[in-house]
Amino acid sequence: MTDSDHALAELTIQQLDGFATEFARAIEPLVDEQSIRAVQAQFLGKKGKVGEVLKIVGKLPPADRAKVGAAGNKIKNTIEHEVARRLGELVHAAARADLARTFDVTLPARPHGGGHLHLLTQVRLEAVQIFSELGFVVADGPQIETDWHTFEALAIPKEHPARDMQDTFYVSEEIVLRTHTSPVQVRTMLTQPPPIRIVAPGHVYRRDDDPTHSPMFTQIEGLAVDEGISFADLKGVLIHFVSRFFQRDLTVRLRPSYFPFVEPGAEVDMQCSFCMGAAVSPPCRICKTTGWVEIGGAGMVDPDVFAQCKVDSEKYTGFAFGMGLERMAMLRHGVNDIKFYYEGDLRFLEQF
Ligand code: DAH
């Protein structure tokens with residue numbers, strides 16, 4: 001072993017010890033974690049100064065290696081310890097600054113974007129409100145319904161062509177997703193004696209899917225049963241409803257039509273709330289300038305239905321109606337694609 005080997009070891013140790021001062025000077029003015037970490041890397045990183053100097057260890061006589069290695073560990077510890085101490089100081093300083101902060105409690109709050117009821121919920125609640133003013137109460141029924149309540153009791157037997165009008169989702173032979181809210185009429189008549197005045201809003205399902213049809217949509221059913229209920233009562237209730245809902249004097253016309261569970265039956269049209277029947281230009285896209293838009297079906301409860309529901313048709317008469325709530329919302333707001341109601345797009349929903 002030569003003196004020059006020892007000299008090299010001594011020199012390396014000196015170099016390593018020297019880093020302590022150099023590092024202390026570099027870190028002294030720094031006040032943020034990023035620059036402290038950068039300085040740490042300059043010394044201890046992969047290509048850092050300490051590592052570079054320590055490369056020599058392999059060339060040193062074994063007797064000196066331990067000494068140089070110890071000096072390397074010492075500087076590493078010094079630097080790491082100092083970095084940890086400084087970062088700890090930074091955290092404490094931030095916490096102290098946070099505590100020292102004062103708040104101006106008189107500042108106005110930032111506006112907070114609140115949610116609101118879905119358009120269809122708004123329309124449903126409003127419709128219910130209007131009917132309740134006339135003495136109707138809300139009735140409810142299951143969406144997964146028996147074939148009997150949905151069809152049979154409403155005078156639509158299995159082979160009846162009217163079943164084709166309603167593309168039904170079958171759960172099993174005897175269980176369906178209700179295609180209309182009319183089964184709630186049946187459930188109500190079976191459980192409570194007249195006088196009956198109910199409305200039944202709710203989801204219904206049909207195998208239909210295009211811009212004006214969705215496989216799930218919402219109807220509101222109405223039923224009034226009592227002594228002396230007439231077709232005029234039906235028309236009066238419907239006129240009252242559309243006038244209140246659209247907040248202007250709109251009338252209703254009843255076009256003779258066929259629904260198995262009413263007799264006579266009618267299609268319900270209301271005056272177009274957009275053009276009021278005036279010959280506007282461009283032509284009204286809602287009613288196609290006819291001045292009328294269809295909003296549902298209605299009629300006098302068929303004695304056959306009364307019989308199924310154990311209501312005495314000698315004593316009582318009744319009217320029923322069913323309307324689509326999406327259509328109501330569309331006629332009020334001009335929404336032209338039924339999908340908008342269900343996509344949950346806030347850009348659409350926030351407008352209402
Ligand atoms: N349930 C019918 C449908 O969804 C609508 C309807 C028509 C309901 C006439 C009624 C009614 O109560 O009397 O197509």
Side-chain angles (χ1 to χ4, degrees), residues 124 127-128 131 136 138-143 145-157 160-169 176-190 196-208 212-226 229-238 241-242 252-270 293-306 308-309 311 313 316-328 338:
R124 187 189 78 222
V128 165
F131 285 115
F136 288 78
V138 172
D140 203 6
Q143 294 176 30
E145 185 53 287
T146 68
D147 182 275
W148 187 82
H149 287 88
T150 313
F151 298 120
E152 300 277 336
L154 291 163
I156 315 174
H160 199 289
R163 287 208 180 196
D164 297 342
M165 289 169 17
Q166 309 197 337
D167 295 304
T168 312
F169 286 110
V176 302
L177 298 188
R178 68 178 181 191
T179 57
H180 52 180
T181 42
S182 302
V184 184
Q185 288 185 34
V186 177
R187 288 187 175 272
T188 306
M189 286 189 274
L190 282 172
I196 293 171
R197 256 177 273 165
I198 57 114
V199 282
H203 287 145
V204 299
Y205 303 85
R206 291 185 199 177
R207 297 172 47 186
D208 240 347
T212 53
H213 296 92
S214 149
M216 181 209 72
F217 58 105
T218 326
Q219 286 187 335
I220 185 163
E221 189 81 12
L223 174 72
V225 181
D226 202 351
I229 294 260
S230 75
F231 205 76
D233 295 324
L234 167 63
K235 192 165 181 185
V237 164
L238 293 173
F241 173 72
V242 296
V252 159
R253 81 178 177 188
L254 297 166
R255 262 183 304 117
S257 184
Y258 174 71
F259 298 98
F261 36 93
V262 280
E263 180 57 40
E267 226 124 9
V268 183
D269 292 347
M270 63 170 243
V293 282
E294 192 188 319
I295 55 171
M300 299 304 290
V301 180
D302 195 297
D304 214 28
V305 176
F306 275 153
Q308 302 252 35
C309 300
V311 174
S313 60
Y316 297 109
T317 51
F319 68 72
F321 59 83
M323 294 182 289
L325 286 177
E326 286 78 2
R327 194 142 173 84
M328 287 294 154
I338 197 168

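Counting starts at 1 for both ligands and their atoms, following the listed order.
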Should Gly296 be listed as contacting ligand 1, given a heavy-atom distance under 4.0 Å as the test?
-> no

Does ligand 1 have any atom that is closer than 4.0 Å to a heavy atom of Phe261?
-> yes

From CA spacing to verdict: side chain to side chain donor-acceptor pair (under 3.5 Å), Gln185, Glu221 | CA-CA 8 Å; Gln185 288 185 34; Glu221 189 81 12; 2.6 Å; yes

Are more than 12 heavy atoms from other residues, nucleotides or ligands located less than 6.0 Å from atom CZ of Arg207?
-> no

From the options Ala320, Ser257, Gly322, Gly324, select the one whose nearest heavy atom is closest to atom 13 (O) of ligand 1.
-> Ala320

So, is Gln185 polar-close to ligand 1, with some N/O to N/O distance under 3.5 Å?
-> yes

At a 4.0 Å threshold, what atoms of ligand 1 neighbour a non-hydrogen atom of Val262?
-> 13 (O)

Other residues, nucleotides, ligands: >12 heavy atoms within 6.0 Å of Arg327 CZ | yes

So, is Phe321 polar-close to ligand 1, with some N/O to N/O distance under 3.5 Å?
-> yes

Candidate list Ile196, Val225, Thr317, test side chain to side chain contact (heavy atoms under 4.5 Å, CB included), partner Val311, passing option | Val225

Assess the pair Phe241 and Phe136: is the distance between their ring centroids shorter than 6.0 Å?
-> no

Give the numbers and elements of all ligand 1 atoms closer than 4.0 Å to a heavy atom of Gly299.
-> 13 (O)

For ligand 1, which atoms have a heavy atom of Arg206 less than 4.0 angstrom away?
-> 3 (C), 4 (O), 14 (O)

Separation between CZ of Arg124 and CD1 of Ile220, rounded to the nearest 0.5 Å | 9.0 Å

Look at ligand 1 and say whether Met300 reaches it with a heavy atom at a distance under 4.0 Å.
-> no

Tell me, please: is Gln219 in heavy-atom contact with ligand 1, that is, under 4.0 Å?
-> yes

Heavy-atom contact under 4.0 Å between Ser182 and ligand 1?
-> yes

With under 30° as parallel and over 60° as perpendicular, where do the rings of Tyr205 and His203 fit, or are they tilted in between?
-> perpendicular

State which residues pass side chain to side chain donor-acceptor pair (under 3.5 Å) with Arg187; sequence neighbours excluded, sorted by chain then number.
-> Glu145

